[in-house]
Amino acid sequence: MSSNDRVLIFDTTLRDGEQSPGISLNGSEKLEIAQQLARLGVDVIEAGFPIASPGDFAAVRTIAQEVEGPIICGLARAQPGDIARAGEALANAERPRIHTFISTSDIHIEHQMRNTRADVLAGTRAAVSQARELVEDVQFSPMDATRSDPEFTAEVLQIAIECGATTINVPDTVGYATPDEYGAFLTKLYDLTPGLKDVTLSVHCHDDLGLAVANSLAGVLAGARQVEGAINGIGERAGNTSLEEFVMLLDTRAKLLGLHTGVTTQEIARTSRMISRMTGYPVQPNKAIVGRNAFSHESGIHQDGVLKNPETFEIMDPRKVGLDDSNQLVLGKLSGRAALKDAFEKMGYQLTGDQLATAFKRFKEIADRKKQVTAMDLEALVTDDLRSEGVGTTFELVSFDVTSTSAGTPSSTVTIALPDGTEKTGHGSGDGTVDSVFMAINEAAGVEARLREYRVEAISGGQDAIGHVSTVVELGKVGAALRSQIPGVIAGERATGTGTAVDTDVITASAHAYLRGLAAALRELDHSDEPAAAAEPMR
Ligand code: KIV
Ligand code: ZN
């Protein structure tokens with residue numbers, strides 16, 4: 001195929017995706033996801049928004065330094081401080097890209113930015129020129145493009161191209177366009193913007209009306225050769241284009257469309273499950289490509305047909321997205337540390353000595369309790385253990401004991417280690433066992449906190465499946481003992497944090513997930529490493 005048939009995949013799971021409500025990934029989780037995205041073969045990873053917080057900056061910098069293969073991109077508003085910060089975060093990337101944006105719709109210009117069209121033209125010129133002084137690869141987006149005047153948008157794009165932008169991304173920021181409309185809008189921009197044919201046109205669609213993938217397809221049919229999106233379609237509000245859906249659309253309908261991507265489709269299922277687990281965002285069972293029912297047939301007629309010939313009711317082979325015939329990621333028999341190391345390497349994880357020792361210990365615990373350990377189990381265990389390393393404030397679960405009062409109410413005694421290592425014990429009773437464990441943790445930590453969300457899922461099938469627990473914990477009052485250990489906590493503020501954990505025992509996983517949620521909320525409250533005025537978060 002000629003290069004004009006190749007569609008670049010720009011992954012924004014770690015930027016637009018990470019800005020979804022309730023998702024807060026730490027630095028090591030972001031790095032792990034970026035490494036998996038590189039194995040998946042995306043062309044560009046938008047690793048974050050460096051000016052937004054010191055954590056975002058550090059994550060972009062680490063990903064730029066460590067992840068090989070894709071272009072690493074950082075987002076920046078069309079403001080000098082944002083662009084300088086993005087350039088700094090990307091300084092060590094092999095292939096850095098700065099993505100700068102400014103709104104072009106009158107509604108945003110008048111009511112959000114409170115400036116004028118002339119300011120937008122000047123801002124674009126200054127931002128793209130500054131970014132080009134820092135990196136060669138600059139992407140420019142006119143935010144809310146689909147509600148903007150096409151003539152004015154074209155004027156802005158022409159300036160961006162003349163100042164050196166190499167990719168022009170046209171976002172349907174509010175997910176309002178229909179496919180025909182979006183395609184026609186892009187065609188009009190090609191007509192009105194002389195330089196557009198010389199750069200890569202990109203599409204970025206939100207899913208408010210469920211049209212993100214359809215609009216992205218309309219975009220490539222109109223000439224775009226970069227598609228932006230996120231794994232599992234996560235992102236602002238209803239989310240972004242689901243990259244796995246878009247990639248499999250081009251792959252499955254290659255004869256009709258004549259377009260292809262560089263994605264290793266066999267990595268899709270693993271990537272989707274990793275992101276679901278780390279973000280705590282479940283994938284709906286009937287979701288295209290990555291839902292657990294996407295390749296299952298329930299009705300007898302369908303099952304009968306598929307047994308006779310899979311093509312009767314299947315348009316894709318599950319192996320194409322990395323699942324075996326029973327829709328599982330299964331490993332062969334594993335015995336010994338060397339075999340485990342080998343299995344991890346095949347899955348793309350290079351574990352160091354200590355990490356391998358921890359993983360092996362956890363593997364043995366699980367293998368004693370489970371008949372078959374799947375690749376997903378292993379991945380869940382290893383990411384669960386590694387992700388708590390190096391995140392700053394954490395609590396450790398030392399022990400817990402669950403009993404029942406004479407009235408039959410569950411009650412628990414839990415001992416935890418506070419961030420400085422001091423052990424504290426608390427008691428609690430509640431509506432159920434899990435609730436009583438959480439109450440006991442609150443007492444031990446000396447906090448007022450409540451569970452906002454709680455979800456348990458099985459990582460793989462069967463009665464002995466590993467349970468994956470996600471929590472969203474809201475933290476209110478922090479007691480004096482804890483406050484003295486974390487002086488950056490501002491009394492009276494509230495914060496929420498997400499925590500996830502896996503174990504064959506759901507109560508143990510719940511206790512770990514609650515402690516991680518609590519620690520994440522506490523880190524949110526800790527302002528000690530923040531500059532005086534942090535940037536206002538934007539998308
Ligand atoms: O949706 C949007 O407009 C964005 C921009 C930053 C590209 O996410
Ligand atoms: Zn967006």
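Read the numbers this way: they start at 1 and go in the same order the structure lists the ligands and their atoms. Computed from a predicted model, the values in this text were never measured in an experiment.
By the side-chain contact (heavy atoms from CB on, under 4.5 Å) test, Arg61 is found to be paired with Phe57, Gln65, residues two or more places apart in sequence or in another chain being considered.
With a 4.5 Å cut-off on side-chain heavy atoms, Val473 and Thr498 do not count as touching. In this structure the side chain of Tyr454 reaches within 4.5 angstrom of the side chain of Val456, judged on heavy atoms.
Ligand-side atoms of ligand 1 in range of Met143: 3 (O), range being under 4.0 angstrom from any heavy atom.
A donor-acceptor pair under 3.5 Å links the side-chain atoms of Ser148 to the main chain of Ser105, judged by distance alone. Judged by distance alone, with hydrogens and angles left aside, the side-chain atoms of Asn232 form a donor-acceptor pair with the main-chain N or O of Ser272 at under 3.5 Å.
Below 3.5 Å of separation, one finds an N or O of His206 facing an N or O of ligand 1. The N/O atoms of Asp16, backbone and side chain alike, include one that comes under 3.5 Å of an N/O atom in ligand 1. In terms of polar-atom proximity, Ser141 is not counted as a contact of ligand 1, lacking any N or O under 3.5 Å from an N or O of the ligand. Distances between N or O atoms of Arg15 and those of ligand 1 include at least one value under 3.5 Å.
The residues Lys287 and Glu244 are annotated as salt-bridged, a charged nitrogen and a carboxylate oxygen being separated by less than 4.0 angstrom.
Between the Zn ion (ligand 2) and Asp16 there is an N/O/S contact shorter than 2.8 Å.
Between His99 and ligand 1 there is a heavy-atom distance shorter than 4.0 Å.
Here the angle at the Zn ion (ligand 2) defined by NE2 in His206 and NE2 in His204 stands at 100°, rounded to 10 degrees.
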